[in-house]
Peer 1: 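Can you read through this structure? Questions will come right after.
Values below: every heavy atom of this structure, side chains too, minus hydrogens, waters and symmetry copies.
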Amino acid sequence: MRVILTEEIHMCSSPKSSRAVSASKPIKAFGEDLSKEQRLHFTEVANRADERRKKRVEEKRRWEQKHNTGRNKQQQTSVWQWLNNFFASLATR
């Protein structure tokens, strides 16, 4: 996910309330008060964070694949438990 901030912000239309709205404060969009340098800095920081997240997800996937965790491990344990219970029930007869 790349964050790209532009000067213009286009938003989808949304349902409007039939209630009156007090106009005490104008509504400002996120980043409206930021200078161009601040917007660029925010974009760089957000992109670096996204890259770190992608790297972390990939490393976790590789670790789980290497250590054979997940569903296969649970199924093997279940089969082992079933066999153990089966032989234990034969021993008590």
Peer 1: Considering the options Lys60, Lys66, His67, Gln65, which one meets the side-chain contact (heavy atoms from CB on, under 4.5 Å) requirement together with Trp63?
Peer 2: His67
Peer 1: Can you measure from CG (Asp50) to CZ (Arg48) and round to the nearest 0.5 angstrom?
Peer 2: 12.5 Å
Peer 1: Give a yes or no answer on whether the side chain of Asn85 reaches the backbone of Gln81 with a donor-acceptor pair at less than 3.5 Å.
Peer 2: yes
Peer 1: Going by side-chain contact (heavy atoms from CB on, under 4.5 Å), Arg56 matches just one of Arg53, Glu58, Lys54. Which one?
Peer 2: Arg53
Peer 1: Starting at CZ of Arg39, measure out to OG1 of Thr43 and round the result to the nearest 0.5 Å.
Peer 2: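 Those atoms lie 8.5 Å apart.
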Peer 1: Given side chains that start at C-beta, do those of Val45 and Phe42 come closer than 4.5 Å, heavy atoms only?
Peer 2: no
